[in-house]
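I have placed the structure first, in the form of structure tokens, so that the comments after it can refer back to it.
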Amino acid sequence: MSAQTALAPTFDVEKIRADFPTLAREVNGKPLVYLDSAATSQKPHAVIDRMTKFYSEEYSTVRRSIHLLSAKATQAYEGTRRLVAKLLNAPETRQIIFTKGTTEGINLVAHGFGRKFVGEGDEIVVSATEHHANIVPWQMLCNEKGAKLRVIPVNDAGELILEEYEKLLNERTKIVAVGHVSNAIGTIHPVKEMIALAHAKGIRFLVDGAQAAPHMNVDVQDLDCDFYVFSGHKACGPTGIGILYGKVDILEAMDPFLGGGDMIESVTFEKTTYAPIPHKFEAGTPAIADVIGLGTAIEYLQGIGLENIAAWEHELLEYGTKVLSEIPGVKIIGTAKHKAAIISFTIEGIHPHDIGTLLDNEGVAVRAGHHCAQPVMARYGVPATARASFAFYNTKAEIDALGQAIRKTIEVFA
Ligand code: PMP
């Protein structure tokens, strides 16, 4: 597990929990223990209230109209773009593109970059730990273009084998696309080092930050990635909104993904010219309230401090790993040295779906399944796992509840 910065003495998890209405509810007659934040995070009052206020008092469209409400909505909407640029330390605000989520961000790059710059015989490199969102769009592109998808292997702990990665990079490689953190097994991949290796050969690099941006400080200039994508709903924001960051030169060179209103400069039946970035990639009426809600979510996370979030989640990971390791029959899948607060596990003789159901009876919400990462499940010879994923609003007492619920599950099947 990676070393983390110290937790600020002002960090108060009980105070934070009070910001999240869902965390106070019961499930199946037991207090909810929500350990599924890698799938989606809970929402604080601040975000819910901001979106309600927008819909009830300020609602209007953005960009198209000059009336007061529209001007104010546009201001709030563009305010989020500035907040995201600051969050990621992007050099310029126009490098931030609003998408529907990580999935759309990757598809946008696969279309806008891939269709233009990838040809027959070219290669695209992904890793063995990727989410389907960072496999399937590239595979579709390869099928269309006659290109080849190549895969960086992992060792038994879930760490990418960098010597093999280096061997995969060649003059045919057009882009590398790797998750910053694996959603299925929690590995934090050494993307900065991997990006430098790709750039040494003139190869572009996309980072899927869905599991990283909400949990740690991300600096796109320090990483030097060409693209970085994440989803708002995993970062205390609403669903339906995501971010694509890109370097200016490549965003400008790329073709648009979707055509329509707001992404054009001029249209005739003979020819259309496109708006400058970021609008070139934002066709149609956007998810206005969701963008504004995401802005509030970012302010909320920054109020707690991403370094505090990372430090507390790391404590939870260490505690959770200890609690689960002490239970006979439990096997943790993914034991990388650098890990985020995600613990995938199996229990001898019990199907993960049964684990999920029995834990739910105890009020403990975990995910059970292949986590949209079937190749990584295949790599470890399991069809599925149960996965407990922690956020800064979780407590050690909740991990104890998970441990007790697992012991009870094992007794049921004994
Ligand atoms: N990549 C990773 C690593 C993820 O964890 C997820 C969501 N589970 C995605 C991509 C897809 O994100 P979304 O469904 O929000 O588009």
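Note that ligands are numbered from 1 as they come in the structure, with each ligand's atoms numbered from 1 the same way. What you are looking at is a predicted structure, and each value in this text was computed from that prediction instead of being measured.
- Note on residues 348-389: pairs passing ring pair (Phe, Tyr, Trp, His ring centres under 6.0 Å), not counting sequence neighbours, are His132-His370, His351-His353.
- Salt-bridge formation is detected for the pair Asp249/Arg204: a Lys NZ or Arg NE/NH1/NH2 atom is positioned less than 4.0 Å from an Asp or Glu carboxylate oxygen.
- Lys247 has a carboxylate O that lies under 4.0 Å from a charged side-chain N of Asp226, or vice versa, which qualifies the two as a salt bridge.
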Can you check salt bridge (Lys or Arg N to Asp or Glu O under 4.0 Å) on Arg172 and Glu123, steps first, answer last? CA-CA 5 Å; Arg172 307 279 5 196; Glu123 296 181 0; over 6 Å; no
Between the protein and ligand 1, which nitrogen or oxygen pairs come in under 3.5 Å, and how far apart is each?
{"unit_1": "ligand 1", "atom_1": "1 (N)", "unit_2": "Asp208", "atom_2": "OD1", "d": "3.3"}
{"unit_1": "ligand 1", "atom_1": "1 (N)", "unit_2": "Asp208", "atom_2": "OD2", "d": "2.5"}
{"unit_1": "ligand 1", "atom_1": "5 (O)", "unit_2": "Gln211", "atom_2": "NE2", "d": "2.7"}
{"unit_1": "ligand 1", "atom_1": "8 (N)", "unit_2": "His131", "atom_2": "NE2", "d": "3.3"}
{"unit_1": "ligand 1", "atom_1": "8 (N)", "unit_2": "Lys234", "atom_2": "NZ", "d": "2.7"}
{"unit_1": "ligand 1", "atom_1": "15 (O)", "unit_2": "Ser231", "atom_2": "OG", "d": "2.7"}
{"unit_1": "ligand 1", "atom_1": "15 (O)", "unit_2": "His233", "atom_2": "NE2", "d": "2.7"}
{"unit_1": "ligand 1", "atom_1": "16 (O)", "unit_2": "Thr102", "atom_2": "N", "d": "3.4"}
{"unit_1": "ligand 1", "atom_1": "16 (O)", "unit_2": "Thr103", "atom_2": "N", "d": "2.9"}
{"unit_1": "ligand 1", "atom_1": "16 (O)", "unit_2": "Thr103", "atom_2": "OG1", "d": "2.6"}

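- With salt bridges taken as basic N to acidic carboxylate O contacts below 4.0 Å, one links Glu58 and Arg50.
- Using bins of under 30°, 30° to 60° and over 60° for the plane-to-plane angle, the ring pair His111/Phe257 lands in the tilted bin.
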